[in-house]
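Here the structure comes first, spelled out in structure tokens, and everything after it is commentary.
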2 protein chains.
Amino acid sequence: MTAAEGERPDLAAMLGQLVRGLIAAERPVLAAHGVSMWGYVVLNALERCPASTQAALAKEIGADKTRIIGTLDELQEAGLIAREPDPADRRARLLHITGSGRALRAAVRDRIQANENRLLALLPAGQRQPFLRALGTLSELSEDEITGR
Amino acid sequence: MTAAEGERPDLAAMLGQLVRGLIAAERPVLAAHGVSMWGYVVLNALERCPASTQAALAKEIGADKTRIIGTLDELQEAGLIAREPDPADRRARLLHITGSGRALRAAVRDRIQANENRLLALLPAGQRQPFLRALGTLSELSEDEITGR
DNA sequence: ACCAATGATATGCGAGTGCTTATGATAAGC
DNA sequence: GCTTATCATAAGCACTCGCATATCATTGGT
């Protein structure tokens, strides 16, 4: 921390810098598994909870519902997710992750988190858990909560 | 933290989510002061240390040296930065922030950090400093260090 | 002196993104 | 029944960004 005179850099600046590096680290992993970044995000989301509409999924992961369709098409073609008509609403399709999707997601995640764990190991032991906890809290805030609007 | 069975979400995912919100929070502040996001980044960088070449500045802030020129032009026109020929190297120009630039940067930063402080206040007191320290450490890693390449 | 490298500059290309519009089908509300 | 809203889909538009190329002037190395 090189802040001068008790100042601190903007959170956004620090986080942005770190995210950029982490994304760069993810790229080859994702490429090796033949899945896109958004594809991986979708798999993570569906692993947590199936989606009742594509629009809802897009909203949950912060993606544009019109742009995500291509990604969903690819994931479906690769057998990583399934889309089924919702019997309760014929406009909508239920989405869930497949067994293959689970396996691929797990493989990617293991590699990504191994690298992340390496970075976390650079921190003093007493900082790790508080950092992760704080990050967990802050990352769950909605955009409205963060912006105060 | 809603991780299931001792798992944790990817750092990148958590950070990315948070950054997105923080950037959204910054937008209106920057707009109100008539400065672009990159412009603000440049001001912060020059506040820390004048630059000996535009290329060096671009590298430091992770910007593309060819794309940043427009931003520098605007900042110079607005009197926020100054570019002077380097007597030691006629290809290069020395860059530094002006008094106006300092004032504007400070005004923007105050508002941005006020919002950030509001968010930090959501954390338990014991988590704040460890979080900021850890973030400071991790954000200073180079991309090569983060990617392990 | 010559060649390679570097600085500033301009711009092309492709990919990605946010937002918008439009379509046809379906559902919800009055 | 009619109107409005929503779902999935496709695609336009403008903008940003990463990377590349090119130019001219200057500098560094041999």
Side-chain angles (χ1 to χ4, degrees), chain A residues 12 16-17 19-21 23-28 30-31 35-42 46 50-77 81-96 143-144 147, chain B residues 12 16-17 19-21 23-28 30-31 35-42 46 50-77 81-96 143-144 147:
Chain A
Q17 181 73 1
V19 168
R20 188 196 296 230
I23 287 175
E26 290 194 5
R27 286 235 155 85
L30 295 169
V35 65
S36 67
M37 189 77 71
W38 276 118
Y40 177 57
V41 172
V42 166
L46 291 182
S52 52
T53 70
Q54 287 175 201
L57 173 65
K59 187 173 165 106
E60 187 187 325
I61 63 176
D64 182 319
K65 71 185 177 188
T66 68
R67 297 282 185 218
I68 201 183
I69 294 167
T71 298
L72 296 178
D73 289 343
E74 284 161 19
L75 292 175
Q76 179 169 6
E77 274 162 45
I81 68 168
R83 290 191 276 193
E84 285 148 15
D86 182 349
D89 181 345
R90 295 201 290 172
R91 295 169 304 182
R93 296 204 272 185
L94 306 171
L95 300 106
H96 70 269
E143 190 172 297
D144 285 351
T147 57
Chain B
Q17 181 73 359
V19 168
R20 191 198 293 236
I23 287 175
E26 290 194 4
R27 286 238 154 82
L30 295 169
V35 65
S36 68
M37 189 77 72
W38 275 119
Y40 177 57
V41 171
V42 167
L46 292 182
S52 51
T53 70
Q54 289 176 197
L57 174 65
K59 186 170 165 117
E60 188 188 322
I61 64 176
D64 180 354
K65 72 184 177 188
T66 69
R67 296 286 183 211
I68 201 182
I69 293 166
T71 297
L72 296 179
D73 289 343
E74 284 162 19
L75 291 174
Q76 178 169 8
E77 273 162 44
I81 68 167
R83 291 193 271 192
E84 286 150 14
D86 182 347
D89 181 346
R90 295 201 290 173
R91 295 168 302 182
R93 298 204 272 183
L94 306 170
L95 300 106
H96 68 267
E143 185 169 305
D144 285 351
T147 56

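Below, chains carry the letters A, B, ... as their sequence lines are ordered, and counting in each starts from 1.
- Counting atom types as modelled, B/R90 pairs no side-chain N or O with a base atom of D/dT26 as donor and acceptor under 3.5 Å.
- Atom CD of B/Q54 sits about 11.5 Å away from atom OG1 of B/T66, to the nearest 0.5 Å.
- Rounding to whole angstrom units, CZ of residue A/R91 and P of C/dA28 are separated by 6 Å.
- We find that NZ of B/K59 is positioned 10 Å from P of C/dG7, with the value rounded to whole Å.
- The existence of a salt bridge linking A/R83 and A/D73 is confirmed by a sub-4.0 Å separation between a basic side-chain nitrogen and an acidic carboxylate oxygen.
- Side-chain atoms of B/R91 do not come within 3.5 Å of backbone N or O of B/D86 as any donor-acceptor pair.
- Protein atom CD1 of B/I69 is 15 Å distant from nucleotide atom C1' of D/dG18, rounded to whole Å.
- Within 3.5 Å, a donor on the side chain of B/R67 pairs with an acceptor on the base of C/dG12, or the reverse.
- Rounding to whole angstrom units, CZ of residue A/R27 and P of C/dA15 are separated by 14 Å.
- Atom pair B/Q54:CD and D/dA25:P shows a separation of 18 Å (rounding to whole Å applied).
- Separating the CD1 atom of B/I68 from the C1' atom of D/dG18 is a distance of 14 Å, rounded to the nearest angstrom.
- Distances from the side chain of B/D89 to the nucleotides D/dT27, C/dT11, C/dA8 place D/dT27 closest.
- In this structure, the side chains of B/I68 and B/I61 come closer than 4.5 Å at one or more pairs of heavy atoms.
- Ranking D/dC17, C/dT26, D/dT9 by closeness to the B/W38 side chain, first place goes to D/dC17.
- As rounded to whole Å, 12 Å separates atom P of C/dT9 from atom CG of B/L57.
- A distance of 10.5 Å separates NZ in A/K59 from OG1 in A/T53, rounded to the nearest 0.5 Å.
- Sequence order on DNA chain D of the closest nucleotides to A/T53 and B/T66 puts A/T53 first from the 5' end.
- In terms of position on DNA chain C, the residue among B/G70 and A/A88 whose nearest nucleotide sits closer to the 5' end is B/G70.
- Counting to the nearest Å, the P atom of C/dA25 and the CG atom of A/D86 are 19 Å from each other.
- Within the 4.0 Å cut-off from OP1 or OP2 of C/dT9, at least one side-chain nitrogen or oxygen of B/R83 is found.
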